[in-house]
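Scroll down for the structure; my scribbles are underneath it.
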Amino acid sequence: MKKAIIILIAISILPYVALAQGLYGTSYPTNGSTYYGFESADGSSSSYSSYFGYRAGKSSIGNYNIGIGRSAGADADGNYNVYVGYFSGEGTSGSGNTFLGADTGEYSNGDNNVYIGDSSGFVTTGSNNIFIGYYLGGFQTVSNTLYIDSNNTPNPLIYGKFDTDQVGINTNYVPSDYTFAVNGKMITEEVLVQLRTVWPDYVFENNYNLPTLTEVEFHIKENGHLQNIPSATEVEEHGILLGDMNAKLLQKIEELTLYTIQQQKELELQKDKNLSLEDRLNKLEQLVLK
């Protein structure tokens, strides 16, 4: 009699147990997935995935995903993704992505992205991106890009392009021929410039064609600047290359040194002539006095 009562009780509460499992979590040993939370993974076809939280992974498609937080990874389509945070990765499409923070990467589309920070990567399209900071990269259509800042800005504190190996500080524009760009002033204790051009020691070679000072004067009058030195207009428009400019300035210093040596030799020669003339003058005075 007791057995029958126990069986009847078990049968009567079985629907409620099943309902509780559906509401608060269960596991699927057949496809290797685990979820916990109201409507967690509801309508999902994911395999070998784990979802924890209200609506986490709901209606998701894909395998080997992890979602933690309300609606994390819900309505998402892709494999090998990690969603951590309130609505992180919701409505996304892509694989190999990492979403850390509330609303990170929500409704984004792309592969192998990393979004860290509230709403970072929101509604983006692209792959191989890293966005770190509040709302960074929102509504961007970029790939192979790095953004790091504390707020949504077109000129992030740190900007990078992985495909071209370029880095910008306080700017998202790095000219194509350059690896590094800084928007603003820069201070450092030391800068090493390793030139690939010829250092102007050739000025001291015997076959160097040293312009005459007359030629230098004519060029200055005609052009308003030294030969092979950019004009003020050129510098204002294009700037200067530090290493190249130092080489040009050294060339002028070495030329100036040669002019100084020539003038010194001429002065010494003139001095000898003056001494000779003075000696002759003294002898003439002595003759006159006699």
Side-chain angles (χ1 to χ4, degrees), residues 6-7 9-145 162:
I6 293 173
I7 292 173
I9 294 173
I11 293 173
S12 63
I13 67 172
L14 187 59
Y16 298 100
V17 174
L19 177 62
Q21 286 183 325
L23 291 176
Y24 301 110
T26 185
S27 63
Y28 288 105
T30 55
N31 62 8
S33 292
T34 301
Y35 67 83
Y36 185 87
F38 181 67
E39 292 187 354
S40 177
D42 186 31
S44 171
S45 61
S46 294
S47 298
Y48 306 102
S49 300
S50 298
Y51 295 104
F52 304 91
Y54 172 65
R55 295 186 74 254
K58 180 179 173 63
S59 302
S60 61
I61 302 173
N63 305 316
Y64 306 100
N65 299 304
I66 296 176
I68 302 175
R70 177 178 177 178
S71 297
D75 301 306
D77 181 3
N79 306 310
Y80 304 102
N81 297 300
V82 176
Y83 317 97
V84 179
Y86 177 89
F87 285 101
S88 60
E90 183 187 34
T92 59
S93 177
S95 298
N97 299 298
T98 300
F99 309 86
L100 300 177
D103 297 305
T104 48
E106 194 172 9
Y107 304 112
S108 64
N109 182 8
D111 302 318
N112 306 314
N113 297 299
V114 176
Y115 306 111
I116 301 176
D118 185 1
S119 301
S120 66
F122 186 82
V123 195
T124 59
T125 301
S127 299
N128 306 308
N129 297 305
I130 297 178
F131 299 123
I132 302 176
Y134 171 71
Y135 219 97
L136 273 186
F139 298 94
Q140 293 280 351
T141 304
V142 294
S143 293
N144 304 297
T145 303
F162 298 113

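Counting begins at 1 with the first residue of the sequence.
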Side chain of S49, backbone of S47: donor and acceptor closer than 3.5 Å?
yes
Considering all heavy atoms of both residues, which atom of D75 and which atom of E90 are nearest to each other, and what is their separation?
OD2-OE2, 4.2 Å
From OG (S33) to OH (Y48), nearest 0.5 Å
8.5 Å
Judged by modelled atom types alone, do S44 and Y35 share a side-chain donor-acceptor pair under 3.5 Å?
no
In this structure, CZ of R70 is separated from NZ of K58 (nearest 0.5 Å) by 12.0 Å
Interatomic spacing from CG in D77 to CD1 in I61 - rounded to 0.5 Å:
5.0 Å
Looking only at heavy atoms, which two atoms of A56 and G67 are closest? And how far apart?
CB-O, 4.3 Å
Main-chain N/O of D118 paired with T104 side-chain donor or acceptor, under 3.5 Å:
no
Short question: side chain of N63, backbone of S46 - any donor-acceptor pair under 3.5 Å?
no
F99 pairs by ring pair (Phe, Tyr, Trp, His ring centres under 6.0 Å) with which of Y115, Y86, Y107?
Y115
Check whether the ring centres of Y36 and F52 lie less than 6.0 Å apart, and answer yes or no.
no
Specify the closest pair of heavy atoms between G121 and S108, including all atoms of both residues, with the distance to one decimal.
O-CB, 3.8 Å
For the side chain of D111 and the backbone of G96, is there at least one donor-acceptor N/O pair under 3.5 Å apart?
no
Has the side chain of N113 got a donor or acceptor atom that lies under 3.5 Å from a matching backbone atom of N129?
yes
Side chain of N65, backbone of N81: donor and acceptor closer than 3.5 Å?
yes
Quick one: OG on S60 to CG on D42, what's the gap to the nearest 0.5 Å?
10.0 Å
Return all side-chain donor-acceptor pairs below 3.5 angstrom for residues 130-143, not counting sequence neighbours, or 'none' if the list is empty.
| residue | atom | partner | partner atom | Å |
| --- | --- | --- | --- | --- |
| S143 | OG | S127 | N | 3.1 |

Test item: S71 side-chain N/O and R55 main-chain N/O as donor-acceptor pair under 3.5 Å
no
Supply the atom-to-atom distance Y83 OH to T98 OG1, rounded to the nearest 0.5 angstrom.
10.0 Å
